[in-house]
Amino acid sequence: MVRRSSDDAESVASGEAGIDQLHQQIEQALTAGDLALAERCGRKALELQPDAALTRLHLARIRLAQRRLAEASECLERAEHSPGLDAKTLNRIGIVWLDLDDCARAETCFRSVLARDDAHAYAWCNLGIALQRKGDLGDALTCFRRALELKPDFAEAMHNCGLLLRDLGRPAEALEILERALSLKPGFALAQTNIGVVLQDFGKFDDAIAAFDQALEMEPRCGDIHLTKAHLLLSVGRFREGWEEQEYRRLAPEFPRDRFPFPEWKGEDLAGKNLLVCAEQGIGDEIMLAGCFPDLFARGGRCVIECDPRLETLYRRSFPQAEFAGKRFKNPDTWLEAFHPIDLQIPLGSLPRFFRNEVCEFPFHSGYLTADPRRVGRWKERLAALGPGLKIGLSWRGGTSRTNAYLRSIPLEIWLPILRLREAHFVSLQYTDCRSELDSLHSRHGIRIHSWRQIGSDFEETAALVASLDLVVSVCTAVVHLAGALGVPVWVLVPSSPGWRYGREGSRMPWYPAARLFRQVKPLYWEPVMAEVGNELACMTTVSSPREFI
């Protein structure tokens, strides 16, 4: 789902005509994905008005589009401290903080706007988005309703309110308010799209597809709408259609297009050819799609595969048939010189079009990644020192504020039916700092989850630890993909509105034979899921091998 921030941009004054024109050109270039033009205009604007808040704001947006996140943050901070900063520009600064996934900074901006003008409907709407991403759902709903009190025809606030009601497990209300948003603003493609999202929650998949198609009639080149449709098709097993629809992701401004001059591979035999597979996905999807590599190698030829730097050595060990390079977006031509010649290229996300169009084309494998044997040996010794019993890895927080972390994450208090299990030792697989959570759990309940810092900074170490465990129990996060790709039994706690990778029903994932899915029925209500997992684990301690329970 896509939430819409509210930017009363038309009424933002830009100053003199030259600056105004440059700012308009930046807006147009960013919309079109022309970052080179946006950069040129941004530099000119900076020469003319180096201390203007709006100039710094636009420069932050350019740096964000270029994925130069530290520089984007610096530009926003300078914009916030610019003299004469008006409320509307401050509101827009908050929106970019949201885009940078810094909800706290965004919230501060929106509250500052409201301190100046309590009737600023746009700031109320945006504050609602920031609070929702933080998981403060009740306060977020209050903000959206306040925005609608101030501006009853505010279609974007109504749309965002509908999405929140869906997350709260109130789909009928969500559908009603999304339809009202669409009636207020005919042609509101995102509202039409999310009507389809709610319809799929009701199991009305054909109606959902029809809603997506109506949205595409409104905005035929909107990559987000195409992706939403693609993900529904993939989630219900219509893989061939889904992969074709997913090709429209190339329309999105953030897609790394035109990086290399090579023609695209169309699935033909590769004998005598040199193929570059370009990185474009998050680390979890990179691991999942690596399952297609053996099929690719069977086409012959030489493969150069760009990947997340954290995966580079793991991939080299696991796939000696190929050459690997950690992705280097800043200077692609420079690093690629070491791998010449290259004849063809393909984005990583396009590989399944050639290899995974039917369920029967997903191989039954025992793992396609190989952890470092020496590290595995050290971890097995360390785990054995904990004493007898199963060694179970846990991951309880997943995603970011932009990817609905509050729906995917589960507070440790809710894990107590599992954590109180005897004859088991639990190990943290969180790669962010969670010491305060673990200390609180121990002080309140006397339960110890073992944690080692090195897994947060070294993915090879994480892979070796996972490969040494009897079982992994995880929310939907990259740990699931790592365990599944290593062939380690992994139990996945799936929210009621799951990502497409986990399907709409069933207890299996075609990508990973070692995975077993435990599905939430009601949004935000994990207790029945935990009770089921706890019962299964209690039975598991009585058998000799956890693989009997895959």
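Fair warning: this is a prediction, and the values are worked out from it, not measured in the lab. Any value given below was found using the heavy atoms of this structure, including those in side chains, with hydrogens, waters and symmetry copies removed.
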_Pair Leu351-Leu289, side chain to side chain contact (heavy atoms under 4.5 Å, CB included): steps then yes or no_ = CA-CA 8 Å; Leu351 285 182; Leu289 296 175; 5.8 Å; no
What distance separates [X] [atom1] from [Y] [atom2], expressed to the nearest 0.5 Å?
| X | Y | atom1 | atom2 | result |
| --- | --- | --- | --- | --- |
| Trp415 | Glu527 | CH2 | CD | 13.0 Å |
| Leu141 | Leu164 | CG | CG | 5.0 Å |
| Cys75 | Ile93 | SG | CD1 | 11.0 Å |
| Gln132 | Asp167 | CD | CG | 5.5 Å |
| Leu227 | Thr193 | CG | OG1 | 11.0 Å |
| Gln24 | Gln28 | CD | CD | 6.5 Å |

Report yes or no: does [X] contribute a side-chain atom to a donor-acceptor pair with the main-chain N or O of [Y] at less than 3.5 Å?
| X | Y | value |
| --- | --- | --- |
| Arg78 | Asp51 | no |
| Ser443 | Ser440 | yes |
| Asp153 | Ala155 | no |
| Arg133 | Leu98 | yes |
| Ser395 | Val475 | no |
| Arg519 | Gly506 | yes |

*Residue His81 excluded, over 12 heavy atoms near NE2 under 6.0 Å*: no
*So with a 6.0 Å cut-off around CZ of Arg116, is the heavy-atom count from everything else above 12?*
yes
*Can you check side chain to side chain donor-acceptor pair (under 3.5 Å) on Asp86 and Thr89, steps first, answer last?*
CA-CA 6 Å; Asp86 61 276; Thr89 303; 2.8 Å; yes
Can you give me every donor-acceptor pair (side chain of residues 105-114, partner residue at least two apart or in another chain, under 3.5 Å) with its distance?
| unit_1 | atom_1 | unit_2 | atom_2 | d |
| --- | --- | --- | --- | --- |
| Arg105 | NH1 | Glu77 | OE2 | 3.4 |
| Arg105 | NH2 | Glu80 | OE2 | 3.0 |
| Glu107 | OE1 | Lys134 | NZ | 2.7 |
| Glu107 | OE2 | Arg111 | NE | 2.9 |
| Glu107 | OE2 | Arg111 | NH2 | 3.1 |
| Thr108 | OG1 | Ala104 | O | 3.1 |
| Ser112 | OG | Thr108 | O | 2.8 |

*Anything under 30° is parallel, anything over 60° is perpendicular, the rest tilted; go ahead and classify Trp243 against Phe239.*
parallel
Using the salt bridge (charged side-chain N to carboxylate O under 4.0 Å, His left out) criterion, which residues pair with [X]? Sequence neighbours excluded.
| X | answer |
| --- | --- |
| Glu217 | none |
| Arg145 | none |
| Arg61 | Glu27 |

*Which pairs pass salt bridge (charged side-chain N to carboxylate O under 4.0 Å, His left out) with one or both residues in residues 200-213, sequence neighbours excluded?*
Arg166-Asp201, Asp201-Arg504, Asp213-Lys229
*Please list all pairs passing the salt bridge (charged side-chain N to carboxylate O under 4.0 Å, His left out) test where one or both residues lie in residues 404-418, with sequence neighbours left out.*
Glu413-Arg444
_If you apply the rule side chain to side chain donor-acceptor pair (under 3.5 Å), what do you find for Gln66 with Glu39, and how did you get there?_
CA-CA 10 Å; Gln66 295 168 332; Glu39 176 71 22; 3.1 Å; yes
Within the structure provided, determine whether [X] and [Y] are in side-chain contact (heavy-atom separation under 4.5 Å).
| X | Y | value |
| --- | --- | --- |
| Trp500 | Val236 | no |
| His481 | Trp511 | no |
| Arg92 | Val96 | no |
| Val197 | Asn194 | yes |
| Met158 | Leu184 | yes |
| Phe144 | Cys125 | yes |

Any Lys/Arg nitrogen of [X] or [Y] sitting under 4.0 Å from an Asp/Glu carboxylate oxygen of the other?
| X | Y | answer |
| --- | --- | --- |
| Lys185 | Glu156 | yes |
| Arg249 | Glu247 | yes |
| Arg238 | Glu241 | yes |

What pairs meet the ring pair (Phe, Tyr, Trp, His ring centres under 6.0 Å) rule with one or both residues in [range], with sequence neighbours excluded?
| range | answer |
| --- | --- |
| residues 84-106 | none |
| residues 40-72 | His23-His58 |
| residues 209-228 | His226-Tyr248 |

Check the side chains of [Y] and [X] for a donor-acceptor pair under 3.5 angstrom, ignoring hydrogens and angles.
| X | Y | result |
| --- | --- | --- |
| Ser350 | Arg250 | yes |
| Ser436 | Asp439 | no |
| Glu286 | Gln281 | no |

*asked:* One pair to check against side chain to side chain donor-acceptor pair (under 3.5 Å): His120 and Asn91. What are the steps and the verdict?
replied: CA-CA 10 Å; His120 198 299; Asn91 180 58; 5.0 Å; no
Tell me which donor-acceptor pairs under 3.5 Å the side chains of residues 170-180 have, and how far apart each pair is, sequence neighbours excluded?
| unit_1 | atom_1 | unit_2 | atom_2 | d |
| --- | --- | --- | --- | --- |
| Arg170 | NE | Glu173 | OE2 | 2.8 |
| Arg170 | NH2 | Glu173 | OE1 | 2.9 |

*Could you check Glu280 against Glu306 for side chain to side chain contact (heavy atoms under 4.5 Å, CB included), going step by step and ending with a plain yes or no?*
CA-CA 9 Å; Glu280 53 152 328; Glu306 188 183 31; over 6 Å; no
*Those residues that, when tested against Cys143, pass side chain to side chain contact (heavy atoms under 4.5 Å, CB included) (two or more places apart)*: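 Side chain to side chain contact (heavy atoms under 4.5 Å, CB included) check on Cys143 returns Trp124, Leu127, Leu131.
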_Once side chain to side chain contact (heavy atoms under 4.5 Å, CB included) is applied, do any residues pair with Ser451, and if so which ones, sequence neighbours excluded?_
Ser428, Leu438
*Carefully, step by step, assess Trp491 and Val533 under the rule side chain to side chain contact (heavy atoms under 4.5 Å, CB included).*
CA-CA 8 Å; Trp491 292 2; Val533 172; 3.9 Å; yes
_side chain to side chain contact (heavy atoms under 4.5 Å, CB included) between Val492 and Cys476, worked out_ = CA-CA 7 Å; Val492 191; Cys476 296; 4.0 Å; yes
_In this structure, is the centre-to-centre distance between the rings of Tyr431 and Phe459 below 6.0 Å?_
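Ring-ring flag for Phe459/Tyr431: false, centres at least 6.0 Å apart.
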